[in-house]
Amino acid sequence: MPVLVMKFGGTSVANLDRIRRVAKRIGVEVAKGYDVIVIVSAMSGKTNELVGWVGETSPLYDAREYDAVVSSGENVTAGLMALTLQEMEIPARSWQGWQVPVKTSSAHSAARILDIPPENIMAKFAEGMRVAVVAGFQGVSPEGRITTLGRGGSDTTAVAFAAAMGAERCDIYTDVDGVYTTDPRISPKARKLDRIAYEEMLELASLGAKVLQTRSVELAMRFNVKLRVLSSFEEQSDDAGTLVCAEEEIMESKVVTGVAYSRDEAKMTLMSVADQPGIAAAIFGPLSEAGVNVDMIIQNISEDGRTDMTFSCPTEQVARAENALKKAVEAGNIDYGHLVADTNVAKISAVGIGMRSQSGVAAKMFRTLSDEGINIKVIATSEIKISVLIDRKYMELAVQALHDAFDLDKAG
Ligand code: ADP
Ligand code: ASP
Ligand code: MG
């Protein structure tokens with residue numbers, strides 16, 4: 001029988017009523033003849049609570065124990081979902097990551113899925129089981145320890161299962177009815193897209209649109225998984241939601257497809273760095289070794305052999321970055337005046353594959369922000385995106401102004 005993967009996020013399984021409602025939706029697909037792999041998240045708010053408990057118990061926690069605690073929210077919903085389906089007389093059972101097994105790397109709290117052998121689940125389907133409910137977000141390392149895949153990781157579990165099981169489709173059920181031109185909670189004018197290209201979704205996700213975890217889009221693109229985002233709160237037709245697909249399958253041709261934002265960005269400036277060959281390597285080498293994800297970089301004009309170097313990184317990595325730079329100074333590898341960390345910034349990005357062939361997008365973006373009196377602190381561009389750092393207090397205004405400027409509320 002054909003296999004379908006259905007993933008339900010935290011708000012979709014937030015209480016027993018919602019679990020029952022979702023189970024009915026699963027029943028519809030079972031009745032159509034699919035063997036279904038259901039991936040569940042923890043009940044909404046649960047993972048945050050668990051993360052909080054870990055931090056309170058041990059500020060510099062052992063990441064292996066963090067994973068042991070934080071993965072547990074998904075175990076509860078997987079079991080409850082299997083029980084609910086059984087109550088509806090649908091043959092179902094739950095699986096924790098290690099039982100499948102979902103084999104991952106040992107990078108605790110940010111592990112990567114390496115392999116999902118399909119045999120165990122397939123054997124159960126062959127015996128008549130119709131739904132395998134799998135706890136999302138978790139796996140097992142080569143050392144036999146429980147791992148988690150990073151926040152939002154259940155999306156990645158779902159796509160990885162779709163690839164491993166050769167599923168017909170991977171449906172991501174969430175609390176919005178698809179992928180929008182920007183976060184519908186920020187801009188009332190946001191428009192739902194019928195389709196979006198993998199590349200664009202990948203950029204939007206990595207620039208802050210948390211509707212899909214970045215890694216899930218990467219996997220979908222690599223394994224050509226038919227990926228759909230849709231609402232678990234509405235009756236759904238077969239073409240509901242947004243299809244994430246290859247660029248060739250899309251008719252709409254706008255220069256900019258979406259606007260993303262990220263609150264969790266910090267701007268770090270090294271003041272008065274000795275400007276000499278090898279200085280960038282001496283700064284960014286240690287940062288990379290310390291696992292700091294540097295995004296934007298600018299180096300100012302140098303005067304008297306000294307320069308300022310600015311870069312951005314996730315806010316939660318500021319302490320790690322400071323530590324790595326301090327060690328590099330102590331080792332005599334770099335020399336700077338002082339380090340300024342600005343955590344009151346936000347990153348706003350415009351994304352679209354149309355930018356490859358059309359110029360003027362950056363100019364329009366900068367003009368729009370300047371018309372609103374918003375100062376740009378750092379700029380970064382790539383083939384299909386332009387990102388700027390601005391004061392966080394202007395974040396929503398900037399998103400809305402850019403959404404208007406690029407006519408994203410209108411289909412094109
Ligand atoms: P789940 O718990 O189902 O995984 P998430 O909260 O992780 O749900 O992701 C869904 C949320 O993503 C939406 O509620 C919405 O606020 C946010 N979001 C951000 N950008 C977008 C976008 N471009 N389109 C749709 N939703 C977006
Ligand atoms: N429960 C995890 C989180 O909140 C994983 C997920 O929901 O995708 O990050
Ligand atoms: Mg999510």
Side-chain angles (χ1 to χ4, degrees), residues 5-15 17-19 21-22 24-26 38-48 77 136-137 151-159 169-198 200-217 220 225-245 250 252 254 256-264 348-352 395-396 399-400 402-403 406 408-411:
V5 173
M6 302 172 80
K7 180 257 171 178
F8 297 93
T11 36
S12 314
V13 293
N15 54 46
D17 267 348
R18 289 198 183 157
I19 291 180
R21 186 173 168 154
V22 160
K24 281 193 198 135
R25 185 76 201 77
I26 297 166
V38 171
I39 311 294
V40 286
S41 289
M43 291 179 178
S44 66
K46 193 69 210 173
T47 309
N48 286 345
T77 41
F137 178 53
R151 298 307 303 270
S154 297
D155 298 328
T156 301
T157 308
V159 174
R169 214 174 52 232
C170 180
D171 286 343
I172 306 283
Y173 286 84
T174 182
D175 56 4
V176 282
D177 62 350
V179 177
Y180 279 70
T181 47
T182 192
D183 187 346
R185 292 183 208 290
I186 290 262
S187 172
K189 288 192 192 163
R191 180 173 56 90
K192 185 174 83 74
L193 298 162
D194 291 333
R195 290 175 178 230
I196 185 166
Y198 290 123
E200 290 173 326
M201 191 64 239
L202 193 59
E203 288 284 5
L204 286 175
S206 73
L207 295 166
K210 68 168 182 163
V211 61
L212 287 174
Q213 199 197 31
T214 308
R215 181 85 185 120
S216 73
V217 187
V225 171
K226 212 166 154 189
L227 181 62
R228 194 161 70 130
V229 177
L230 68 175
S231 163
S232 60
F233 297 100
E234 288 162 28
E235 284 305 312
Q236 296 296 353
S237 61
D238 278 347
D239 60 353
T242 301
L243 189 69
V244 187
C245 60
I250 298 177
E252 191 166 353
K254 287 206 128 172
V256 172
T257 303
V259 175
Y261 65 88
S262 166
R263 274 192 187 86
D264 317 313
I348 313 289
S349 311
V351 171
M395 188 183 85
E396 296 182 11
V399 169
Q400 285 165 6
L402 292 172
H403 199 272
F406 290 108
L408 295 186
D409 54 331
K410 300 177 193 87

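What you see below is based on every heavy atom in this structure, not just the backbone, and it leaves out hydrogens, waters and symmetry mates. No experiment lies behind these values; they were computed from the predicted model shown.
Judged purely by atom type and a 3.5 angstrom limit, Ser262 has no side-chain atom pairing as donor or acceptor with the backbone of Leu207. The backbone N or O of Pro184 sits nowhere less than 3.5 Å from a side-chain atom of Ser187 that would complete a donor-acceptor pair. Remark: side-chain polar atoms of Lys254 are paired, donor with acceptor, to backbone N or O of Lys410 under 3.5 angstrom. For the pair Gln400 (side chain) and Ile186 (backbone), a donor-acceptor distance under 3.5 Å is present. Of the possible donor and acceptor atoms, one in the side chain of Thr156 sits under 3.5 Å from a partner among the backbone N and O of Ser216.
Asn15 and Arg21 share no donor-acceptor pair across their side chains, judged by distance under 3.5 Å alone.
Expressed to the nearest 0.5 Å, how far CD1 of Ile39 lies from CG of Asp155 amounts to 10.5 Å. The CG atom of Asp171 sits 11.5 Å away from the OG atom of Ser232 when rounded to the nearest 0.5 Å. Annotation: the span from Leu227 atom CG to Leu243 atom CG amounts to 7.5 Å, rounded to 0.5 Å. Rounded to the nearest 0.5 Å, atoms OH (Tyr261) and OG (Ser349) are 12.0 Å apart.
Contact check for Val259 versus Val351: no side-chain heavy atoms found under the 4.5 Å cut-off. Ile348 has its side chain within reach of Leu402: a pair of non-hydrogen atoms, C-beta onward, lies under 4.5 Å apart. Arg151 places a side-chain heavy atom less than 4.5 Å from the side chain of Asn48. At a threshold of 4.5 Å between non-hydrogen side-chain atoms, the residues Val211 and Met201 count as touching. Considering only heavy atoms from C-beta on, Ser41 comes within 4.5 Å of Lys7 through its side chain.
Other residues, nucleotides and ligands place no more than 12 heavy atoms under 6.0 Å from the NZ atom of Lys226.
Contact detail for Thr181 and Thr257: the closest heavy-atom pair is CG2-O, 3.7 Å. Of all heavy-atom pairs spanning Val159 and Ala220, the tightest one is CG1-N, 3.5 Å. Minimum interatomic distance between Val225 and Cys170 (heavy atoms only, all atoms of both residues): CG1-CB, 3.8 Å. For Leu202 against Thr214, the heavy-atom pair with the smallest separation is CD1-O, 3.6 Å. Here the closest non-hydrogen pair linking Ala260 and Ala209 is CB-N, 4.3 Å. Thr182 approaches Ala190 most closely through the heavy-atom pair O-CB, 3.4 Å.
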Q: Give the intermediate values and the outcome of side-chain contact (heavy atoms from CB on, under 4.5 Å) for residues Leu193 and Tyr180.
A: CA-CA 6 Å; Leu193 298 162; Tyr180 279 70; over 6 Å; no

Q: Mind running side-chain contact (heavy atoms from CB on, under 4.5 Å) on Thr11 and Arg18 for me, showing each step along the way?
A: CA-CA 8 Å; Thr11 36; Arg18 289 198 183 157; 4.2 Å; yes

Q: Start with the C-alpha gap between Thr77 and Phe8, add the side-chain angles, then the distance that decides, and say whether side-chain contact (heavy atoms from CB on, under 4.5 Å) holds.
A: CA-CA 10 Å; Thr77 41; Phe8 297 93; over 6 Å; no

Q. What's the verdict on side-chain contact (heavy atoms from CB on, under 4.5 Å) for Val244 and Ile196, showing C-alpha distance, side-chain angles and the deciding distance?
A. CA-CA 5 Å; Val244 187; Ile196 185 166; 4.0 Å; yes

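The salt bridge (charged side-chain N to carboxylate O under 4.0 Å, His left out) contacts involving residues 183-192 comprise Asp175-Arg185, Lys189-Asp404, Arg191-Glu252, Lys192-Asp194, where partners must be two or more places apart or lie in separate chains.
Residues passing the salt bridge (Lys or Arg N to Asp or Glu O under 4.0 Å) test with Asp264: none are found, sequence neighbours excluded. Residues satisfying the salt bridge (Lys or Arg N to Asp or Glu O under 4.0 Å) test with Asp409, not counting sequence neighbours, are none.
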